[in-house]
Amino acid sequence: MKAIRKFTVRSVLPPELSAVGELVANLRWSWHEPTRRLLAHISPDDWEATTGDPIALLGAVAPERLAQLAADEGFVAWANSLRDDLNRYLTEPRWYQAEEEPKPASIGYFSPEFGIAAALPQYSGGLGILAGDHLKAASDLGVPIIGVGLFYRAGYFRQAISRDGWQQESYPVLDPDGLPLSVLRLADGSPAQVVLALLDDRALYARIWQAQVGRVKLLLLDTDIPDNDDDLRSVTDRLYGGGGEHRLLQELLLGIGGVRALKIYSELTETAEPEVFHTNEGHAGFQGLERICDLIGEGLSFDVALQVVRAGTVFTTHTPVPAGIDRFDASLVERYFSTDLLPGVDAHAVLALGNEVANGGVAGMFNMAVMGLRLAQRANGVSQLHGEVSRGMFAGLWPGFDQSEVPITSVTNGVHAPTWTDPLLIELAENKLGTSETATANWASPDVTDDDLWAVRNDMRRQLVFDARHRVTEAWLEQSPGSIPPAWYRGLLDPNVLTIGFARRVPTYKRLTLMLHDPARLKSILLNPTQPVQLVIAGKSHPADEEGKRLIQKLVQFASDPEVRHRIVFLPNYDIGMAQKLYPGTDVWLNNPLRPLEACGTSGMKAALNGGLNLSILDGWWNEYYDGENGWAIPTADSVDTPEERDQLESEALYDLIEHQVAPRFYDRNAQGVPERWTQSIRHTLATLSPSLSAERMVREYASRLYLPAAAAAHAVIDGDYAVAASLSEWKERERAAWPSVAVVHVESGGLDDTPQVGDELQVRARVNLGSLTPSDVSVQVVYGHTTNGDQLADTRTVALSPAVLATNTTPITVVTPGTEAAQSDSEGLYGFSGLVKLEKAGSFGYTVRVVPRHENLASSAELGLIAAAR
């Protein structure tokens with residue numbers, strides 16, 4: 001019979017093992033190898049059977065074993081020592097505390113998914129893994145982040161592959177009592193809840209689960225509680241499940257409910273409320289509206305409140321394509337905001353924030369990314385190339401500005417080294433280099449020999465081969481209980497063969513099947529008698545993506561061919577547990593998206609942290625880090641006429657690289673069987689990429705370049721009981737109203753000989769109509785650089801001109817200071833500006849003059865999207 005309900009009964013540990021309970025209660029165990037060794041020692045078989053889940057381990061281990069450990073003084077001392085180490089980790093000052101600049105005491109980090117550990121399956125792919133790594137690195141650095149997300153009762157789906165290769169989804173219901181979570185409770189012991197007012201006088205309630213991620217708290221909202229109507233209990237049923245209204249409810253809860261949960265948490269724990277709010281993708285964008293609502297409740301107008309919220313908000317976009325952005329019918333959004341959901345917030349003001357028409361979108365649609373950008377004063381993409389793509393993608397929101405000036409910067413993603421570095425490599429660093437910090441270890445040191453590196457790489461590959469055999473066997477038994485798995489599974493893959501890995505989500509642009517473009521040639525590569533290659537592949541397609549499922553089926557059917565099935569395998573149900581064996585075990589990590597549609601692609605980073613080399617299209621992070629020694633760049637054929645021709649050319653380039661460069665380097669061995677040239681690349685990759693690709697580098701960048709400036713901006717606008725915000729709001733309104741009259745009327749230059757030379761100075765003078773504005777409201781700038789086809793300026797720089805009384809027939813030029821009486825308009829109502837431009841480079845030169853808004857509380861001159869250029 002089948003149970004109608006299930007729950008987890010947690011073990012009661014002997015008092016002597018209280019330290020074990022404390023270690024298990026903090027998710028630091030998911031990346032702290034010494035703690036994992038202790039947990040594995042409790043019962044190695046149960047640790048392996050529960051795939052490294054300590055709560056499941058303690059539920060599976062026999063009471064007799066716990067009693068035995070409680071009586072083992074050595075084990076108790078070991079556990080107590082690790083507990084003391086954890087307490088030091090939680091309390092000692094770290095990098096953030098040592099920073100001298102004024103810094104926010106708390107930062108709210110909102111994400112729709114968090115990939116922290118396989119034991120807490122609340123992620124689907126790269127976005128969630130990135131969010132989990134962000135929290136872990138923030139913990140290691142002491143950055144006071146509080147994470148906010150949703151608790152999905154079924155998480156993302158579990159993937160199985162049918163006999164004909166078709167992806168099948170199932171949604172096992174999670175029992176939160178069996179997860180590393182606890183309920184946030186009020187002083188009277190009752191669960192803390194948030195509530196949202198909905199349509200038809202209904203309400204949505206959510207309980208708040210909390211997880212301790214090192215020093216960082218993660219709050220997860222759960223609607224599956226008796227207080228909700230049956231249909232509302234399912235709002236947090238699945239990650240990225242359901243249709244438009246279901247997804248909208250999830251995002252309203254994440255944003256609005258998330259801010260409310262933070263307030264409750266801060267009050268209950270006497271923790272500072274966040275001064276900075278970081279929105280990881282547009283899904284959580286409604287958090288800004290809840291904060292605006294709070295400020296309206298304090299007596300501010302919507303526009304004044306908007307200035308306060310924008311100043312303290314950071315928005316990160318992860319998508320390089322418009323199709324990846326959540327969009328809703330504006331009429332649906334209007335219905336929800338025409339209720340008591342956010343008292344005082346006008347629905348039409350909300351719709352204006354998400355209106356995408358200015359960016360070339362469709363009238364009547366509400367765009368979450370557009371709203372996110374309008375609610376945040378600071379925004380970024382997740383690699384340098386993705387920053388460029390994002391500036392082009394959203395350029396319509398800042399009309400008139402060159403794409404390079406669109407105020408979206410970039411912070412390249414990183415990955416959490418302690419999580420993704422294999423214990424075997426950590427052990428090598430400890431034994432040979434005296435450190436477990438592999439991201440900062442001196443891998444160039446001769447203390448680590450080529451033999452050492454090669455031995456570890458062989459062990460990691462062997463580990464992957466055995467794990468792959470185990471996984472396909474388990475998948476067979478799950479689909480065919482009681483049957484005997486095929487005998488050839490026991491010989492699947494070879495621990496001594498060059499192993500290429502490919503694993504990621506399976507949208508079409510990632511091109512899972514590019515490797516199959518010429519099946520005969522791929523077979524010849526896999527079956528090469530002297531330089532064979534094997535492929536380990538994994539990935540999930542979104543349940544609604546039929547084309548993605550067809551790609552998986554095509555790959556699985558090829559891998560089922562008896563001729564090659566020992567050399568290529570598709571592993572079902574890609575997750576963190578699989579990834580932690582797959583990334584270290586592959587010699588080469590393959591990534592072949594359609595450039596530039598890969599925002600970052602952190603899977604290749606995880607391989608690199610383990611000494612794997614990358615074989616990738618120059619997209620995402622690889623575009624800025626490939627140096628010719630750390631792997632290979634697949635040429636991009638993006639100028640051809642058809643997608644089919646592009647796939648053909650790029651697949652041929654892929655085959656050529658594997659056949660003529662990758663495999664020969666791997667199999668070129670010295671007398672001891674070590675590929676010296678290959679280990680040189682391993683050493684170079686570990687030494688040069690590890691620090692740059694670490695999530696610690698990423699979080700430091702977020703802190704210094706975005707969090708600290710955002711906190712300073714937020715403090716500035718609330719000064720004087722929000723007087724600065726009110727003044728800024730009034731100034732912006734005045735600026736927008738006057739801008740149609742702003743124009744550069746006349747430009748002239750001088751000061752150069754007939755043949756300009758490097759080092760000469762060009763004097764530029766301009767007369768400008770400012771309408772009702774004054775010189776202190778604007779910056780008049782010379783924009784100069786090289787000229788290209790069509791007189792376009794490239795590699796531009798700007799120089800601000802100073803207000804000046806320009807020369808007449810009888811009066812010399814006079815430079816004046818803005819705000820003084822001398823900064824007066826002339827008889828025609830025009831203001832004069834003047835300045836010098838030094839000619840620093842030889843070659844073609846061009847310039848123009850423009851006017852942009854200027855205010856000390858703007859983060860960028862492009863912020864208002866207002867510009868007037870000379871014609």
Side-chain angles (χ1 to χ4, degrees), residues 31-38 40 78 81-82 85 88-89 94-95 136-137 140-141 414-464 495-496 498-499 501 580-589 604-614 625-631 662 665-697 700:
W31 72 87
H32 189 243
E33 190 56 30
T35 301
R36 295 178 64 81
R37 290 171 190 159
L38 173 95
W78 183 11
S81 173
L82 286 171
D85 175 75
R88 286 191 296 273
Y89 173 85
R94 302 188 75 81
W95 169 80
K136 293 173 187 177
D140 291 342
L141 293 168
V415 294
H416 188 242
T419 295
W420 298 109
T421 304
D422 193 273
L424 292 169
L425 191 65
I426 295 173
E427 184 179 6
L428 176 65
E430 289 173 339
N431 292 340
K432 297 291 186 175
L433 301 174
T435 179
S436 61
E437 302 291 334
T438 58
T440 54
N442 180 18
W443 291 107
S445 169
D447 292 338
V448 177
T449 67
D450 286 356
D451 287 0
D452 294 331
L453 284 173
W454 188 237
V456 166
R457 290 295 312 162
N458 284 336
D459 287 343
M460 290 192 289
R461 188 186 319 105
R462 188 175 302 109
Q463 194 173 249
L464 169 60
N496 299 308
L498 169 61
T499 304
Q580 287 176 320
K581 293 286 191 293
L582 180 55
Y583 299 134
T586 51
D587 301 291
V588 174
W589 195 258
M605 293 181 168
K606 300 179 184 86
L609 288 184
N610 289 280
L613 309 186
N614 274 264
Y625 283 110
Y626 166 67
D627 66 6
E629 180 62 28
N630 50 24
V662 180
R665 186 185 300 185
F666 181 85
Y667 287 106
D668 181 16
R669 309 292 171 88
N670 64 16
Q672 289 73 43
V674 176
E676 293 177 338
R677 181 69 182 84
W678 189 276
T679 55
Q680 176 184 322
S681 294
I682 294 173
R683 190 184 298 276
H684 175 82
T685 293
L686 290 171
T688 61
L689 286 183
S690 295
S692 299
L693 301 185
S694 77
E696 286 197 6
R697 184 272 310 155
R700 282 192 182 99

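Predicted, not measured: the structure shown is a model, and the values here were computed from it.
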Engineer: Which atom names give the shortest non-hydrogen contact between Trp420 and Gln580, and what distance separates them?
Structural biologist: CZ3-CG, 3.6 Å

Engineer: Look at Arg665 together with Asp668 and state whether they make a salt bridge at an N to O cut-off of under 4.0 Å.
Structural biologist: no

Engineer: Check whether Trp95 forms a cation-pi arrangement with Arg697 (NZ or CZ under 6.0 Å from the six-membered ring centre, at most 45° off the ring normal).
Structural biologist: no

Engineer: Any chance you could measure Glu696, atom CD, to Arg94, atom CZ, to the nearest 0.5 Å?
Structural biologist: 8.0 Å

Engineer: Quick one, Glu676 and Gln680 - any side-chain contact, counting heavy atoms below 4.5 Å?
Structural biologist: no

Engineer: Just by distance, do the side chain of Asp459 and the backbone of Val456 share a donor-acceptor pair under 3.5 Å?
Structural biologist: no

Engineer: Would you indicate whether the side-chain heavy atoms of Leu464 and Met460 approach each other to under 4.5 Å?
Structural biologist: no

Engineer: Measuring from atom CG of Leu686 to atom CG of Asn442, what distance do you get when rounded to the nearest 0.5 angstrom?
Structural biologist: 11.5 Å

Engineer: Write out all pairs satisfying ring pair (Phe, Tyr, Trp, His ring centres under 6.0 Å) with one or both partners inside residues 424-447, taking only residues at least two apart or from two chains.
Structural biologist: none

Engineer: Looking only at heavy atoms, what is the nearest atom pair of Leu433 and Ala441, with distance?
Structural biologist: CD1-CB, 3.8 Å

Engineer: Please confirm whether the backbone N or O of Gly611 pairs with a side-chain atom of Arg683, one donor and one acceptor, at under 3.5 Å?
Structural biologist: no

Engineer: Below 4.0 angstrom, N of the basic side chain to O of the carboxylate: do Arg677 and Glu629 qualify?
Structural biologist: yes

Engineer: Indicate whether any N or O donor in one side chain lies under 3.5 Å from an N or O acceptor in the other, for Gln672 and Asp450.
Structural biologist: no

Engineer: Does a side-chain heavy-atom distance below 4.5 Å link Thr438 with Leu609?
Structural biologist: no

Engineer: Could you report the tightest heavy-atom contact between Ala608 and Leu693, atom names first, then the distance?
Structural biologist: CB-CD1, 3.9 Å

Engineer: Flag the pair Trp31 / Asp140 as yes when at least one side-chain heavy-atom distance between them is below 4.5 Å, and no otherwise.
Structural biologist: yes

Engineer: Ignoring hydrogens, what is the shortest heavy-atom contact between Tyr667 and Leu498? Give both atom names and the distance.
Structural biologist: OH-N, 3.1 Å

Engineer: For Arg457 and Pro584, indicate whether the former's side chain and the latter's backbone hold a donor-acceptor pair under 3.5 Å.
Structural biologist: yes

Engineer: Do you know the tightest heavy-atom contact between Lys432 and Val448?
Structural biologist: CB-CG2, 3.7 Å

Engineer: Any chance you could measure Met605, atom CE, to Ser692, atom OG, to the nearest 0.5 Å?
Structural biologist: 9.5 Å

Engineer: I need the Thr421 OG1 to His416 NE2 distance, nearest 0.5 Å.
Structural biologist: 9.0 Å

Engineer: Are any side-chain N or O atoms of Glu33 and backbone N or O atoms of Pro418, one a donor and one an acceptor, separated by less than 3.5 Å?
Structural biologist: no

Engineer: Decide yes or no for Trp678 and Arg669: does some side-chain heavy atom of the first lie under 4.5 Å from some side-chain heavy atom of the second?
Structural biologist: no

Engineer: After noting the C-alpha distance and the side-chain angles of Asn614 and Tyr625, does the key distance pass the side-chain contact (heavy atoms from CB on, under 4.5 Å) rule?
Structural biologist: CA-CA 11 Å; Asn614 274 264; Tyr625 283 110; over 6 Å; no

Engineer: Looking only at heavy atoms, which two atoms of Trp454 and Gly673 are closest? And how far apart?
Structural biologist: NE1-O, 3.6 Å

Engineer: Could you go step by step and tell me if Leu425 and Leu428 meet the side-chain contact (heavy atoms from CB on, under 4.5 Å) rule?
Structural biologist: CA-CA 5 Å; Leu425 191 65; Leu428 176 65; 4.2 Å; yes

Engineer: Taking C-beta and beyond as the side chain, do Gln463 and Asp422 meet within less than 4.5 Å on heavy atoms?
Structural biologist: yes

Engineer: Where the side chain of Thr586 meets the backbone of Tyr583, is there a donor-acceptor pair that is under 3.5 Å apart?
Structural biologist: yes

Engineer: Run Lys606 and Leu582 through side-chain contact (heavy atoms from CB on, under 4.5 Å) and show every step you take.
Structural biologist: CA-CA 10 Å; Lys606 300 179 184 86; Leu582 180 55; over 6 Å; no

Engineer: Evaluate Asp451 against Thr679 for side-chain contact (heavy atoms from CB on, under 4.5 Å), listing each step before the verdict.
Structural biologist: CA-CA 9 Å; Asp451 287 0; Thr679 55; over 6 Å; no

Engineer: If you round to the nearest 0.5 Å, how far is CG of Leu38 from OG of Ser81?
Structural biologist: 10.0 Å

Engineer: I want to check something: taking the side chain as every heavy atom from C-beta on, are Asn630 and Leu613 in contact at a cut-off of under 4.5 Å?
Structural biologist: no

Engineer: What distance separates Thr499 OG1 from Trp589 CH2, expressed to the nearest 0.5 Å?
Structural biologist: 11.5 Å

